[in-house]
Asks: 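Below you will find the structure I want to go over with you.
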Amino acid sequence: MEIKQPEEHLDQMIRQTRAHHVQLSLMADTKANMMLTIASLLVPLSIRFLNDPQYRLPAMIMISFCMLTVVLSAYAAMPKIRWLKNTGADSNLKHPMFNILFFGSFLKMSYPDFIDSMEELMNDHNLSYEAQLRELYTMGSYLEQRKYRFVRLAYMAFISGAVISSTAYIVGSFT
C-alpha cells in the first residue's frame, strides 16, 4: 500500500469509519441484550402453562425457542478474542493476521517489542494507514461474523418461536 500524500481528510475518514464501527458494535450488543432479556422473561411466564393440556405444546415450543434465543443472544454479546501465537512472523506489521492496533494481537508481545513495532508504524505513514485500514477491516469482519449474524439468528429464533407457538395454540383450539 502506498499513500502518496497523507492528509487530514484521510485521517478524518478513518476516524469516522472507526467511530461508525464502534457504534454498530454497541447497537449489536444492545439488541442482543434486549433479546436476551425478553426471552429470559418469557421462559418463567410460559412455564406455568405446562400443566394445562391445551397450552402444554405451545408453552413447550415457546420455552424451547426462548432458550435458543437466550443462547444466541448471549453468544452475540459475549466477548471473543482470537489470540495469535506470536511467532516472529506473526508479529510482523505486514503480516495479514497481525493488527498492532488490536490488543489481542499485541498482548502476547513483550513491551520492548511492542514499542519497537509502534515506533516503526508511527514513523512510516504508509504502514500507519495500512494498520488503520487493517483494523477497520478486522472490525467490520468481526461485526458481521461474530455479532450481527448471531443477533439476527436470535431474532429469527424468537419470531419463529412466537409464530409456531401461536400456530400450535390456534390449531389445538380447533381440535
Asks: Can you tell me how the ring of Y55 sits relative to the ring of Y169, calling it parallel under 30°, perpendicular over 60° and tilted otherwise?
Replies: parallel
Asks: What's the separation between atom CG in L143 and atom OG1 in T138, rounded to the nearest 0.5 Å?
Replies: 11.0 Å
Asks: Does R56, at its CZ atom, have more than 12 non-hydrogen atoms belonging to other residues, nucleotides or ligands within less than 6.0 Å?
Replies: yes
Asks: Could you walk me through whether F98 and I100 pass the side chain to side chain contact (heavy atoms under 4.5 Å, CB included) test, one step at a time?
Replies: CA-CA 6 Å; F98 183 73; I100 190 71; 3.6 Å; yes
Asks: Got a second to check how far Q132's CD is from L127's CG, nearest 0.5 Å?
Replies: 10.5 Å
Asks: Testing the basics here: between A131 and L121, what is the closest heavy-atom pair and its distance to 0.1 Å?
Replies: CB-CD1, 3.4 Å
Asks: What pair of heavy atoms forms the shortest contact from F65 to S160, and how long is it?
Replies: CE2-CB, 3.9 Å
Asks: Could you tell me if the side chain of R152 sits less than 4.5 Å from the side chain of Y155, heavy atoms only?
Replies: no
Asks: Transitively linked via ILVMFWY side-chain contacts under 4.5 Å: M139 with Y142?
Replies: no
Asks: Measuring from atom CZ of R146 to atom OH of Y75, what distance do you get when rounded to the nearest 0.5 angstrom?
Replies: 5.0 Å
Asks: Given R15 and D11, is the side chain to side chain contact (heavy atoms under 4.5 Å, CB included) satisfied, shown in steps?
Replies: CA-CA 6 Å; R15 267 193 300 274; D11 297 338; 3.9 Å; yes
Asks: Do the charged groups of R149 and E144 touch, with an N to O distance under 4.0 Å?
Replies: no
Asks: Mind listing the closest non-hydrogen atom pair of A154 and S73 along with its distance?
Replies: CB-OG, 3.3 Å
Asks: Could you walk me through whether L24 and Y148 pass side chain to side chain contact (heavy atoms under 4.5 Å, CB included), step by step?
Replies: CA-CA 9 Å; L24 287 172; Y148 273 93; 3.8 Å; yes
Asks: Donor-acceptor pair, S128 side chain versus D124 backbone, under 3.5 Å?
Replies: no
Asks: Name the atoms and distances for all side-chain donor-acceptor pairs under 3.5 Å in residues 28-48, with sequence neighbours left out.
Replies:
residue	atom	partner	partner atom	Å
D29	OD1	K147	NZ	2.4
D29	OD2	K147	NZ	3.2
T30	OG1	L26	O	2.9
N33	ND2	D29	O	3.0
T37	OG1	N33	O	2.9
S40	OG	L36	O	2.7
S46	OG	L42	O	2.8

Asks: Under 3.5 Å, is there a donor-acceptor pair between the side chain of S25 and the main chain of H21?
Replies: no
Asks: Please test C66 against F158 for side chain to side chain contact (heavy atoms under 4.5 Å, CB included), starting from the C-alpha separation and ending with a verdict.
Replies: CA-CA 6 Å; C66 281; F158 187 77; 4.2 Å; yes
Asks: Between atom CG of L136 and atom CD of Q16, what is the distance when rounded to the nearest 0.5 Å?
Replies: 11.0 Å
Asks: Within a reach of under 6.0 Å around CD of Q12, are more than 12 heavy atoms found that belong to other residues, nucleotides or ligands?
Replies: yes
Asks: Hey, could you give me the CZ/CD1 distance between F49 and I63, rounded to the nearest 0.5 Å?
Replies: 10.0 Å
Asks: Students often mix this up, so state it plainly: with edges at 30° and 60°, are the rings of H125 and Y129 parallel, tilted or perpendicular?
Replies: perpendicular
Asks: Supply the atom-to-atom distance Y111 OH to M118 CE, rounded to the nearest 0.5 angstrom.
Replies: 10.5 Å
Asks: Do you know the tightest heavy-atom contact between Q54 and S173?
Replies: NE2-OG, 3.8 Å
Asks: Write down the atom of A59, the atom of L50, and the distance for their closest heavy-atom approach.
Replies: CB-CD2, 3.9 Å
